[in-house]
2 protein chains.
Amino acid sequence: MARYEAGIRTEARIVDATRSLLAEGGLEAATLAAICDRADVKAGSFYNLFDSKEAVVLRVVREAIDAVDPDPEQAGTDTTQDLVDAYIRFFEEQPELARVYVLTALQVEGANGARRRFLRHHERRVERFADAMRRGDSTLSTDEATVQAELLLGALDGLAFRWSLDKAFAFADYARRAAKALS
Amino acid sequence: MARYEAGIRTEARIVDATRSLLAEGGLEAATLAAICDRADVKAGSFYNLFDSKEAVVLRVVREAIDAVDPDPEQAGTDTTQDLVDAYIRFFEEQPELARVYVLTALQVEGANGARRRFLRHHERRVERFADAMRRGDSTLSTDEATVQAELLLGALDGLAFRWSLDKAFAFADYARRAAKALS
DNA sequence: GGCGATTTTGAGCGGACGCTCAAGATGGAC
DNA sequence: GTCCATCTTGAGCGTCCGCTCAAAATCGCC
């Protein structure tokens, strides 16, 4: 189990290669061959460190999402506005990664359970939004806040999708407007 | 150019086979081999009638969308409510087809221009929604109606996506609630 | 029944992709 | 310096998939 330095550095190179490939050309560009090529590693070495290609992709996506979290400590200090801004930032800074994220969720459920993961992540996010909404409006019931959070997140997801079709779409403006109308 | 009866019937069989395969298992199930097998046709015959696999998939999706149009003649008699209901109906009756529709739009732009097609279809739909909204509220400016239509369609798309992750999600309820809040 | 156009078939091409494994190279604890 | 665990490599396996094409069969108009 004790890791060697070499292995740790190789793992980092693989993750970096995957991240840059995904950012440049999405899932289509991040083939195993491309990842290994860019990381300067043979496939066998890759599989010594990761269980599958999906594993490293999931890791990169997760890290990117965590990186824009406005309240990583979960201290309960983020406002709805913060959360919406974080959402917008993720999509604007990592459009290809966002596409990967959605794409994997739409794939048929495989052994890795990407769809289930995605759903769990969404549910946690709904809770965060609902909590922030209640903090901003103390008359809101928990149920009602959850419903509103689902609505707002639904709208944000849809607008982000719209933007991925056409980068001329004023995503951030629409997103903020949706936030105003739905909370 | 004069078609023979045999060719016309074969074409219909291929379309039917594609439709049922897509409905059962989405894009993943509708491989060329599966389509040809179910249509009882060899691949060469398929390519005598269609330019590519994508061509028949696009045709099936388009036909399904047209089939739920509340105002196929474009007479301008449909209300916002009608359009929202039609949207809900499409997703509830053809969940797999809806997934295919979204999936192809998220794919990188190929020679067939699926993404562009998708965008054009979306824009036409925004216009339909905007027109219906103005019919329901004559004080609405054209620009403002378009913005509202984009918002509402964005929300519907996002909620439909949410529902595709988890069929327990009360899609129709949320969709109607979004329509109320956003128009 | 002849004949040109259309349709069907059988066989197979070419390539992408994820992944495996035995054997050798390297690291580092003792 | 030995020795075992960890890491790396090279070669290649198996599969799936969209698509092609020459030749044979069929259609239907005259």
Side-chain angles (χ1 to χ4, degrees), chain A residues 1-19 21-22 24-61 100 103-104 107-114, chain B residues 1-19 21-22 24-61 100 103-104 107-114:
Chain A
M1 267 304 142
R3 306 285 311 270
Y4 286 0
E5 270 300 321
I8 292 169
R9 267 197 299 264
T10 301
E11 188 178 320
R13 277 208 321 279
I14 290 173
V15 172
D16 286 348
T18 308
R19 181 169 28 241
L21 281 165
L22 286 175
E24 286 167 23
L27 262 187
E28 295 85 356
T31 63
L32 194 67
I35 292 170
C36 291
D37 208 48
R38 186 167 293 194
D40 199 25
V41 152
K42 307 299 165 197
S45 210
F46 178 99
Y47 282 96
N48 181 47
L49 294 163
F50 295 91
D51 286 342
S52 66
K53 197 196 82 167
E54 296 236 35
V56 66
V57 170
L58 266 169
R59 172 157 156 191
V60 166
V61 172
V100 171
L103 223 38
T104 54
Q107 235 73 27
V108 285
E109 188 69 327
N112 52 53
Chain B
M1 268 303 140
R3 306 284 312 268
Y4 286 179
E5 269 302 319
I8 291 168
R9 267 196 299 263
T10 301
E11 188 177 321
R13 279 209 319 282
I14 290 174
V15 172
D16 286 347
T18 307
R19 182 169 27 242
L21 281 166
L22 286 175
E24 286 166 25
L27 261 187
E28 295 84 356
T31 63
L32 195 68
I35 292 170
C36 291
D37 208 47
R38 185 166 294 195
D40 200 25
V41 151
K42 307 301 167 195
S45 211
F46 178 100
Y47 282 96
N48 181 45
L49 294 162
F50 295 91
D51 285 343
S52 66
K53 198 195 83 167
E54 295 237 34
V56 68
V57 170
L58 267 169
R59 171 158 157 190
V60 166
V61 171
V100 171
L103 223 38
T104 54
Q107 234 75 25
V108 286
E109 188 69 330
N112 51 54

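Labels below follow one simple rule: chain letters A, B, ... track the order of the sequence lines, proteins then strands, and each chain is numbered from 1.
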Can a side chain N or O of Lys42(B) be found less than 4.0 Å away from OP1 or OP2 on dT8(C)?
no
Interatomic distance where CD1 belongs to Ile35(A) and P belongs to dA16(C) [whole Å]:
17 Å
Got a salt bridge between Arg13(B) and Asp16(B), using NZ or NE/NH1/NH2 to carboxylate O under 4.0 Å?
no
Provide, to the nearest angstrom, the distance between the CZ atom belonging to Phe46(A) and the P atom belonging to dG18(C).
9 Å
Given dT9(D), dG10(C), dT20(C), identify the nucleotide with an atom nearest to the side chain of Ala43(A).
dT20(C)
Quick check: closest heavy atoms across Val100(A) and Gly26(A), and the distance to 0.1 Å?
CG2-CA, 3.9 Å
In Å and rounded to the nearest 0.5 Å, what is the CG to OG1 distance from Asp37(B) to Thr31(B)?
8.5 Å
Phosphate contact (dG27(C) OP1 or OP2) by Arg3(A) side-chain N/O below 4.0 Å
no
Looking only at side-chain atoms of Glu5(B), point me to the closest of dG18(D), dG28(D), dC19(C).
dG28(D)
Any non-hydrogen side-chain atom of Arg59(A) less than 4.5 Å from a side-chain atom of Glu11(A)?
yes
Heavy-atom nearest nucleotide on DNA chain C for Thr31(A) versus Gly44(A): which residue maps closer to 5'?
Thr31(A)
Provide, to the nearest angstrom, the distance between the CD atom belonging to Glu54(B) and the C1' atom belonging to dC19(D).
13 Å
Minimum heavy-atom distance Ala29(B)-Ala34(B), with the two atoms named:
O-CB, 3.4 Å
How long is the line joining OH of Tyr4(B) and P of dT7(C), in whole Å?
8 Å
In whole angstrom, give the distance that lies between atom CD of Glu28(B) and atom P of dC17(D).
10 Å
With DNA chain C as reference, determine whether Ala33(A) or Ser45(A) sits nearer its 5' end, using the nearest nucleotide of each.
Ala33(A)
Side chain of Thr10(A) (C-beta onward), nearest among dG10(C), dT8(C), dT8(D)
dT8(D)
For Ser52(B) and for Val41(A), locate the closest nucleotide of DNA chain D by heavy-atom distance; then report the residue assigned to the nucleotide nearer the 5' terminus.
Val41(A)
Over how many whole Å does the gap from Arg9(B) atom CZ to dG28(D) atom C1' extend?
13 Å
Quickly work out the Asn48(A) CG to dG27(C) C1' distance and round it to whole Å.
14 Å
Length of the OH-C1' vector between Tyr47(B) and dG10(C), whole Å
16 Å
